Undergrad: 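Dumping the structure here so I can ask a few things about it.
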Protein chains: 2
Amino acid sequence: MSTLSQSHSAGGQPAVTLADIARHCGLSKGSVSRALSMTVEECPLSEATWKRVREVAAEMGYRVNAQARALASGRSMAIGLIYNDTLPQLDSVYYQMIEVFSATLRERGYQLALVAIDEQGQWEDVLLGGRVDGCVCLHRLPPRIEAAMPRLQRPVVLLNGISESASGAISIDDHGGAVQATEHLLALGHRRILMLADANGKTPHASFNLRKEGFLKAVQDAGDAEGLFIDGDTDAFSKAWDAFDQAPTAVVCYSHLEAVGALRVLRRAAVDVPGDVSVVTFNDVFPVAQLAPALTCMAVPSAEIGRRGAEMLLEMLDQGVDPERLPGQVELPLSLITRESTGPVAR
Amino acid sequence: MSTLSQSHSAGGQPAVTLADIARHCGLSKGSVSRALSMTVEECPLSEATWKRVREVAAEMGYRVNAQARALASGRSMAIGLIYNDTLPQLDSVYYQMIEVFSATLRERGYQLALVAIDEQGQWEDVLLGGRVDGCVCLHRLPPRIEAAMPRLQRPVVLLNGISESASGAISIDDHGGAVQATEHLLALGHRRILMLADANGKTPHASFNLRKEGFLKAVQDAGDAEGLFIDGDTDAFSKAWDAFDQAPTAVVCYSHLEAVGALRVLRRAAVDVPGDVSVVTFNDVFPVAQLAPALTCMAVPSAEIGRRGAEMLLEMLDQGVDPERLPGQVELPLSLITRESTGPVAR
DNA sequence: CTTCTTAAAACAACCGTTTGCCATGCGGTA
DNA sequence: TACCGCATGGCAAACGGTTGTTTTAAGAAG
């Protein structure tokens with residue numbers, strides 16, 4: 001009974017393996033593996049053995065080697081979080097989504113791995129090299145991922161976006177949300193309403209057009225109201241505002257980013273919110289509720305998106321990806337949170 | 001020559017392996033492995049063979065299996081990002097840090113894995129199960145990690161914090177930063193200055209006390225100035241402000257969170273910034289520069305922290321963790337960015 | 001006293017790479 | 001001609017688990 005397997009890492013103990021426990025218990029590796037990875041009911045070993053193995057394992061400080069298990073079982077128990085933009089460019093909206101998504105998966109033993117779409121194509125190795133069992137994308141499916149979908153045999157869910165290619169996707173009712181936001185203003189008597197959205201010069205996301213259309217539709221349906229849409233940044237908004245001979249009495253902002261900018265412009269123009277102008281924005285994130293005035297907003301159900309997305313992915317992970325029976329697209333509603341920035345139109 | 005190894009995943013092709021390429025090239029697995037993982041110079045194979053293997057590999061769409069490589073080589077090429085709080089609670093300051101940290105590591109082939117300190121102790125399996133080659137923590141080393149350091153044989157760096165236990169740490173000069181912020185106000189003639197910091201009822205982070213002390217010291221050194229320190233939230237600040245018979249003329253905020261709150265209180269009290277009161281804050285993140293007025297601030301060098309932290313970790317990953325020669329603590333300076341929220345004291 | 005059944009555990013192949021060491025063969029030198 | 005060295009590449013043992021297929025032995029049934 002020689003003491004095999006000594007030292008292979010730089011310093012420290014050589015890490016306890018199944019073989020060590022097996023030797024210690026007088027069992028085979030296979031039996032130890034079963035004792036440790038199965039519940040007592042499903043385990044073909046005697047209850048006494050099952051318990052003893054677990055006791056010894058705990059005592060020896062055994063930790064299953066993730067790589068070995070992944071290699072043998074074919075599942076890495078990791079999910080790739082694919083992001084195209086840089087992390088800091090993401091909104092808090094997304095962080096909350098990711099957190100809940102990740103927590104839901106963690107309950108089932110999955111870890112989240114950050115995968116940036118880099119130029120060197122490292123992401124391909126990660127995705128195609130079996131490092132992850134599935135993926136999640138935000139906002140939109142990057143073109144390269146879309147192109148890689150056939151090769152990539154794993155499920156991909158999209159959070160807060162619409163996609164044909166993804167295995168599943170959770171989106172929000174942007175059109176309806178915009179309608180609701182606008183109707184809120186209309187109900188307060190506003191008849192000249194402006195919407196500010198900054199596509200940043202890039203091809204706008206689906207949400208952009210949906211919210212725009214929802215806004216315009218609501219205004220049009222009112223019959224006697226006028227709607228203006230500005231695609232531009234704070235400066236564009238500022239210039240437009242100065243040029244009005246009759247300024248709008250209400251502003252709808254595409255996101256908290258536009259809202260903060262708009263508030264700044266209005267303040268400089270000595271416009272009181274909501275006294276002179278009402279403001280409503282999308283996204284209930286910092287600092288929307290902390291500003292003076294606290295902003296009325298359409299809240300995106302980030303947590304719900306994350307949870308539903310995770311559940312969708314888990315189901316495909318369990319059932320396997322059946323091209324016939326994909327979960328498809330789920331749409332969630334937005335909700336209006338009324339705060340201080342909207343009020344009746346001034347007469 | 002039978003066609004072995006067919007089907008093991010749900011659907012799709014069985015993924016190309018080294019053996020496939022070897023068979024195709026009439027070489028051994030070992031040679032193929034060498035050709036693919038070494039540069040042509042260090043590879044003991046002929047240049048012709050080296051090239052042919054790579055061509056065939058590319059043609060067959062080969063991707064190295066991360067698990068197998070990790071198991072065989074003993075390195076997972078993954079770094080664990082350990083977080084104790086939930087992701088959305090982190091500031092943008094941290095996201096920028098993480099982004100640069102992650103990008104720097106990615107250049108060297110490392111991936112980032114999210115590791116939440118959960119109650120079920122899953123994090124232990126991840127950290128001790130060889131899933132990561134090293135770790136990074138933010139702000140402070142969670143107690144459980146600190147306790148697990150001896151077992152965990154891998155390097156751990158701390159970003160934006162101070163620690164004896166971590167293998168290495170990058171911190172910022174909070175004391176000096178607070179002094180600088182305060183001196184900026186003193187130079188503008190302010191003599192009644194208030195600092196607002198919200199420890200949130202929890203044991204404050206080292207930064208909290210350092211900034212507080214820096215503030216108090218600067219005020220005291222001025223000789224003829226008065227400094228007030230409030231540990232509380234927006235409400236506490238609001239109440240305190242109402243109670244003043246002679247209000248301060250300047251406010252230093254511990255972070256952008258306090259700053260947004262303070263601005264709100266001041267606005268409601270009809271106090272003009274910077275006309276009546278100057279405001280300076282820490283953290284140059286959204287929406288600090290987008291507010292009206294844009295806030296003067298002490299910028300935390302997030303990107304630099306991320307980069308230095310990654311370099312520190314990479315070195316230990318390369319050299320191995322020598323308990324004698326740890327990189328230790330590196331301290332980075334903060335920088336003052338003057339914007340619209342600070343001005344000369346009103347006479 | 002066989003034989004059949006079955007619970008309990010052993011066996012061994014395999015997952016896909018890495019890597020130390022050995023075999024081969026060719027060219028050059030003494 | 002005999003020998004040495006080197007450039008190439010093959011061989012096979014890890015790495016640490018998982019899992020389908022025996023084996024073993026004990027108890028029940030005939």
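Note that this is a predicted model, so its numbers are computed, not measured. Side chains included, hydrogens not; waters and symmetry mates left out as well; all remaining heavy atoms used. Residue numbers begin at 1 in each chain, while the letters A, B, ... track the order of the sequences.
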Undergrad: OP1 or OP2 of C/dT18 versus the side-chain N and O atoms of B/Ser33: is any pair under 4.0 Å?
TA: yes

Undergrad: Name the nucleic acid region contacted by B/Arg63, choosing base, sugar-phosphate or nothing; use a 4.0 angstrom heavy-atom cut-off, strictly under.
TA: sugar-phosphate

Undergrad: Axis-to-axis angle across the helix from C/dC1-D/dG30 to C/dA30-D/dT1, five pairs an end, to 10 degrees?
TA: 70°

Undergrad: OP1, OP2 of C/dA9 versus side-chain N and O of A/Thr49: anything below 4.0 Å?
TA: yes

Undergrad: Take atom CZ of B/Arg75 and atom P of C/dG16, then tell me their distance rounded to the nearest Å.
TA: 23 Å

Undergrad: Step through the shown structure and confirm whether more than 12 heavy atoms of other residues, nucleotides or ligands are within 6.0 Å of NE2 on B/His24.
TA: no

Undergrad: Checking contacts here: which listed nucleotide (C/dT19, C/dA10, D/dG17) is nearest the side-chain heavy atoms of B/Ser73?
TA: C/dT19

Undergrad: Specify the residue among B/Arg52 and B/Ala68 whose closest nucleotide of DNA chain D lies further upstream toward the 5′ end.
TA: B/Arg52

Undergrad: Can you check the B/Arg69 CZ to C/dG16 P distance for me, whole Å?
TA: 15 Å

Undergrad: If I take atom CZ in residue A/Arg23 and atom P in nucleotide C/dA9, what distance separates them, rounded to the nearest angstrom?
TA: 19 Å

Undergrad: Counting only heavy atoms from other residues, nucleotides and ligands, does the tally under 6.0 Å from CD of A/Glu47 exceed 12?
TA: no

Undergrad: Do A/Leu138 and A/Ile98 touch side chain to side chain, with heavy atoms closer than 4.5 Å?
TA: yes

Undergrad: So, B/Glu311 and B/Thr104: side-chain donor and acceptor under 3.5 Å apart, yes or no?
TA: no

Undergrad: Test B/Trp123 against every option in B/Leu128, B/Asn84, B/Ile117 by the side-chain contact (heavy atoms from CB on, under 4.5 Å) rule and name the one that passes.
TA: B/Ile117

Undergrad: Checking A/Tyr94 against A/Asn160 for the side-chain contact (heavy atoms from CB on, under 4.5 Å) test, could you report, in this order, the C-alpha distance in whole Å, the side-chain angles of both residues, the deciding distance, and whether it holds?
TA: CA-CA 9 Å; A/Tyr94 286 105; A/Asn160 196 28; 3.0 Å; yes

Undergrad: Provide, to the nearest angstrom, the distance between the CG atom belonging to A/Leu27 and the P atom belonging to D/dG16.
TA: 19 Å

Undergrad: Could you state the CG-P distance from A/Asp125 to C/dT17, rounded to the nearest angstrom?
TA: 12 Å

Undergrad: Start at the 5' end of DNA chain D and walk down; is the nucleotide closest to B/Leu71 or to B/Gly26 reached first?
TA: B/Gly26

Undergrad: In whole angstrom, give the distance that lies between atom CD of A/Glu42 and atom C1' of C/dA9.
TA: 17 Å

Undergrad: Could you list the residues that satisfy side chain to side chain donor-acceptor pair (under 3.5 Å) with B/Ser163, not counting sequence neighbours?
TA: none

Undergrad: Between B/Ile21 (CD1) and D/dG9 (P), how many Å, whole number?
TA: 16 Å

Undergrad: May I ask you to decide if B/Gln122's main-chain N or O and B/Asp118's side chain share a donor-acceptor pair within less than 3.5 Å?
TA: yes

Undergrad: Where do N or O atoms of nucleotides 11-13 of chain D meet protein N or O atoms at under 3.5 Å, pair by pair?
TA:
none

Undergrad: Can you tell me how far C1' of D/dG16 sits from CG of A/Leu36, to the nearest Å?
TA: 13 Å

Undergrad: Count the heavy atoms of every other residue, nucleotide or ligand shown that sit under 6.0 Å from CD of B/Glu42, and state whether that count exceeds 12.
TA: yes

Undergrad: Heavy atoms from C-beta onward define the side chain here; which of C/dG16, C/dA10, D/dG9 lies closest to that of B/Ser46?
TA: D/dG9

Undergrad: Look at the side chain of A/Asp318 and the backbone N and O of A/Glu315, then say whether any donor-acceptor pair between them is shorter than 3.5 Å.
TA: no

